[in-house]
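Both backbone and side-chain heavy atoms feed into the values below; hydrogens, waters and symmetry mates do not. Note that the structure is a prediction, hence the values are computed from the model and not measured.
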Amino acid sequence: MSGYLNEYTIVLWLHILSSTLLFGTGIGSAFYLLVSSLGRDPRVVAVVAGHVVTADWLFTATTIVFQPASGFYLLHLAGMPLQMRWITWSLVLYALATACWLPVIWLQMRMRDIARAAVRDDVPLPPAYWRCFRVWVALGFPALLAFLAIFYLMVAKPV
C-alpha cells in the first residue's frame, strides 16, 4: 500500500508542477507579449516575441503533452472511472485550450518574424502584425477561461 501512495504522490506532484509550468508560462508569456506589443517598439517586440516562442516550445509544448498523460495515470492509480462528469468536462476544456494554443504558437512565430522584419527595415509594426495580434488576443481568452475552469474541476471534483 505504501508503494501505491508514494507513486501516486509523486505523479500527483509532477502533475501539479506541470500544470503550474503550463499555466505560468502561458500567463507570463501573454503578459509580456501584450505589454511589449502595446508599447509599439518593434525592437522590444522582436526580442520579447522571440523569448515567448522559445518558452512556448520549452515549457508549453512539453507540459501540454505531459498533463493528460499524468492525469490519465493518476486516474488509473486512484481507480477512478474516466466517465465521471468532472473528468469529461476537464478533457473537453483541455481540448478547447489546446485547440486555441496550436494557432497561437504559429501566430507568435509570425508576430516575431514580422517584428524582426520591421526592425531590419527600420519601420513601425505593420498592419499584418496587428491582425495577428488581434487573433492572438481573441484566442487567449477562451484558453484562459478553459484552464481556470479545469483548475476548479481538478480541485472541487464536483459529481
Side-chain angles (χ1 to χ4, degrees), residues 1-39 44-116 132-159:
M1 188 61 138
S2 65
Y4 165 78
L5 292 176
N6 288 337
E7 182 178 9
Y8 183 85
T9 301
I10 291 167
V11 175
L12 180 61
W13 181 80
L14 290 171
H15 187 73
I16 292 169
L17 178 62
S18 175
S19 72
T20 303
L21 286 171
L22 176 61
F23 192 73
T25 300
I27 291 291
S29 295
F31 174 78
Y32 287 113
L33 190 53
L34 175 70
V35 169
S36 68
S37 293
L38 295 177
V44 173
V45 172
V47 170
V48 170
H51 291 312
V52 165
V53 168
T54 300
D56 256 3
W57 285 118
L58 286 175
F59 301 109
T60 309
T62 54
T63 56
I64 216 159
V65 172
F66 184 78
Q67 278 294 284
S70 60
F72 285 126
Y73 192 54
L74 285 168
L75 291 173
H76 167 73
L77 290 174
M80 297 176 88
L82 191 60
Q83 296 79 12
M84 297 177 78
R85 269 191 9 197
W86 69 271
I87 295 170
T88 302
W89 274 109
S90 296
L91 292 170
V92 168
L93 290 166
Y94 196 78
L96 170 68
T98 302
C100 290
W101 177 75
L102 290 171
V104 159
I105 187 64
W106 178 85
L107 287 165
Q108 290 170 168
M109 290 187 295
R110 180 82 178 113
M111 292 161 69
R112 176 202 59 199
D113 295 345
I114 292 170
R116 286 178 177 171
C132 289
F133 178 79
R134 284 190 296 276
V135 175
W136 177 80
V137 168
L139 288 168
F141 282 108
L144 172 64
L145 295 174
F147 278 122
L148 291 174
I150 292 167
F151 280 131
Y152 167 77
L153 292 168
M154 293 291 123
V155 171
K157 296 176 179 51
V159 181

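- Within the 3.5 Å criterion, the main-chain N or O of Gln67 finds a donor-acceptor partner in the side chain of Ser70.
- A donor-acceptor pair under 3.5 Å links the side-chain atoms of Tyr94 to the main chain of Ile64, judged by distance alone.
- Panel note: side chain Ser18, backbone Leu14; no donor-acceptor pair is recorded below 3.5 Å.
- Heavy-atom minimum distance, Ala149 versus Leu93: CB-CD1, 3.6 Å.
- Here the side chains of Leu17 and Phe66 are not in contact, with every heavy-atom distance at 4.5 Å or above.
- Taking 4.5 Å as the limit, every side-chain heavy atom of Trp13 sits out of range of all side-chain heavy atoms of Ile16.
- For the atom pair His15 NE2 and Phe72 CZ, the distance stands at 10.5 Å (nearest 0.5 Å).
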Dump the intermediate steps for side chain to side chain contact (heavy atoms under 4.5 Å, CB included) on Phe133 and Leu107, then the final yes or no. CA-CA 8 Å; Phe133 178 79; Leu107 287 165; over 6 Å; no

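- Here the side chains of Trp136 and Leu33 are in contact, with some heavy-atom distance below 4.5 Å.
- The two residues Pro81 and Ile87 come nearest to each other via the heavy atoms O-CD1, 3.4 Å.
- Of the inter-residue distances, the one linking Arg85 atom CZ with Leu153 atom CG reads 10.0 Å to the nearest 0.5 angstrom.
- Closest of all the heavy-atom pairs between Met111 and Ser37 is CE-OG, 4.4 Å.
- The structure places CD1 of Ile114 at 12.0 Å from CE of Met109, a figure rounded to the nearest 0.5 Å.
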For side chain to side chain contact (heavy atoms under 4.5 Å, CB included), just list the numbers for Thr63 and Phe23, CA-CA rounded to whole Å, side-chain angles, deciding distance to a tenth of an Å, and then say yes or no. CA-CA 9 Å; Thr63 56; Phe23 192 73; over 6 Å; no

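- Atom CH2 of Trp101 sits about 6.0 Å away from atom CG of Asp56, to the nearest 0.5 Å.
- Ile105 has its side chain within reach of Gln108: a pair of non-hydrogen atoms, C-beta onward, lies under 4.5 Å apart.
- Looking at every heavy atom in both residues, Ala46 comes nearest to Arg112 through O-CG, 4.2 Å.
- Under a cut-off of 6.0 angstrom, the local environment of CZ in Phe31 is sparse, with at most 12 non-hydrogen atoms contributed by other residues, nucleotides or ligands.
- In terms of modelled atom types and a separation under 3.5 Å, the side chain of Thr62 and the main chain of Phe59 share a donor-acceptor contact.
- The distance from atom CH2 of Trp86 to atom CD1 of Ile150, rounded to the nearest 0.5 Å, is 11.5 Å.
- Rounding to the nearest 0.5 Å places CG of Leu21 at 9.0 Å from OG1 of Thr60.
- Taking 4.5 Å as the limit, some side-chain heavy atom of Leu139 sits within range of a side-chain heavy atom of Pro103.
- Residue Ala138 comes nearest to Pro142 through the heavy atom pair O-CD, 2.9 Å, listed as atom of the first residue, atom of the second, then distance.
- Pro158 approaches Tyr152 most closely through the heavy-atom pair CG-CE2, 4.2 Å.
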